[in-house]
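Working notes, structure below.
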Number of protein chains: 2
Amino acid sequence: MHSHAAVALFVRRILLRSVVSPGEVQALSGLEGRRVQASRGQDLVLPGHGVHHATLLVSGLLARFDQMADGRRQITALHIPGDMADLHSVPMPLPAWGIQALVPSVVLQIPHGDLRGLAERKPAIAMAFWRDTVADASILAKWTANLGRADAVTRTAHLICEMGMRMEAHELDQRHDFALPITQAQLADALGLTTVHVNRTVSTLRQECGVLFEQGRVRVGDWTGLVRRGNFDDGYLMLDVKA
Amino acid sequence: MHSHAAVALFVRRILLRSVVSPGEVQALSGLEGRRVQASRGQDLVLPGHGVHHATLLVSGLLARFDQMADGRRQITALHIPGDMADLHSVPMPLPAWGIQALVPSVVLQIPHGDLRGLAERKPAIAMAFWRDTVADASILAKWTANLGRADAVTRTAHLICEMGMRMEAHELDQRHDFALPITQAQLADALGLTTVHVNRTVSTLRQECGVLFEQGRVRVGDWTGLVRRGNFDDGYLMLDVKA
DNA sequence: CGTTCGATTGATGTTCTTCAATATGCGTGG
DNA sequence: CCACGCATATTGAAGAACATCAATCGAACG
């Protein structure tokens, strides 16, 4: 995908939740950044290190993560193409989290100054950016709730539903068949499990709901069953707000 | 505490992380709201219901929570006096989360319109509000990481450290002796545990680090030990950023 | 053709939950 | 003032979920 196509995807994402004037859309669409290629496993942002740009994912798959003292990681967000993975860093340039490429990925590093300037000149854009990070936090809160109160199979089913819905809402794929080139070890870091248990959990969902992980894609045989198994309700994704 | 004192506390909190001009401070300080008394356990905001005001805690203790289908709750944030518990709702007035009073509390309901107006007229205030919700999300990410990767005792120790640091940073109390009138059942909802296990966990910390829950207060005998036990590093609280 | 990474499976151990009972403090009505 | 009821804290025993350790298998790749 071309860089400007990624920016267009980001703008579309913003427009999904916020009302922005044509002039402001144009200003957003004019955003530019440095194109960077990341290898599999590469850390693009390190926890506790300052950054001066936000990371727009062009292609691939990114994870925001927190690191324990012993090096173990917990993934706190997954980002798909068109996501600005750390728009947060615009008001908070010294983040406690890190960003990692889960597969070879291409990102656009957009200077904080440009985003900040845009937000300062256009209140509607400031509000739209703010809203975007709140939607991100809403997803994070749901992950917290699931980690605290749902068992492994439920949590995994929920995550698959979430990624499917997001892929579909952002018109990248269909909910029951979408790109998610993630290993079981990476899934384990996202779900707060061990790789061994992820393997058994995925196997359960394969039998119960026809969930297949193949060729870096997820295919869901029984979507309705998966939604039920994961207690999934898409309200928290904030896909139909418009303010 | 008087309502205007609570607003002052909120303003001080904003100033902790953001540079705001004197005129803007004055505008913030002029915020007013409806004073509401909440009884113990009362839900102030219900998940999935629209709101038209943000909730500033004057006195007491609030929890933001997510609710499972079977009614079980997971607390995703604890709020102390001076916190705006759902500043998030300004850009996102249909939240997926709820807000509950854990003890009899007094809140100030501040109209979204006033906050939104302020943010639109003063870019620095918009940025400060945005920054505040990002700091809140940073705490949430840490909770997610701990729920996913830390055991019960570590998680509990971490939470106590966090609340102590926040109380001290906001000049409400000292880190090793502060008000936290929370029951073990409520702690369980925050830590993703059962009340029984919270009881045993708290008992362990009482022995290992001299942690006492008494009279609605927490007292910590061995703060350094507790920090070590909880792998606590306060960077994620964003207490020393200034932008 | 060997090496490496990821997926898979089995056996065993630990953590946390569940169920159940008892204790303790505190407010309320008698 | 005392008796009672209710919420919270505490403890014990048994079970379930998940982790840990260890090994095998298969595919991709140099």
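Proteins get letters first, then strands, A, B, ... in listed order; numbering begins at 1 in each.
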* Asked: When all nucleic acid strands are considered with a 4.0 Å heavy-atom cut-off, which category describes B:Thr194: base, sugar-phosphate, or nothing?
  -> base

* To do: Examine the side chains of A:Asn199 and A:Gln184 and answer whether a donor and an acceptor come within less than 3.5 Å of each other.
  => yes

* Short side-chain donor-acceptor distance under 3.5 Å, B:Arg12 and B:His170 -> no

* Which part of the nucleic acid does B:Gly41 contact within heavy-atom distance under 4.0 Å: base, sugar-phosphate only, or nothing? -> nothing

* Let me know the distance between CZ of A:Phe213 and P of C:dT8, rounded to the nearest Å. => 10 Å

* To do: Before giving the answer on ring pair (Phe, Tyr, Trp, His ring centres under 6.0 Å), spell out for A:His158 and A:Tyr236 the whole-Å C-alpha distance, their side-chain angles and the decisive distance to 0.1 Å.
  => CA-CA 12 Å; A:His158 195 279; A:Tyr236 75 101; 5.5 Å; yes

* To do: Let me know the distance between CG of B:Leu147 and P of C:dC16, rounded to the nearest Å.
  => 12 Å

* To do: Tell me what B:Val202 touches on the nucleic acid: a base, only sugar-phosphate, or nothing, going by heavy atoms under 4.0 Å.
  => nothing

* **Nearest listed nucleotide, side chain of B:Arg200, among D:dT10, C:dT9, C:dT18** => C:dT18

* Does the side chain of B:Asn199 get closer than 4.0 angstrom to OP1 or OP2 of D:dT10 through an N or O atom? -> yes

* Using the benzene-type ring in the case of Trp, are the ring centres of B:His88 and B:Trp97 under 6.0 Å apart? -> yes

* Structure fact -> Of the candidates C:dG6, D:dT10, D:dT8, the side chain of A:Thr183 sits closest to C:dG6

* Presence of A:Arg40 side-chain N/O under 4.0 Å of C:dG6 phosphate oxygens OP1/OP2 -> yes

* B:Asp151 CG - D:dT20 P separation (whole Å) -> 11 Å

* Can you check the A:Leu191 CG to D:dA19 C1' distance for me, whole Å? -> 15 Å

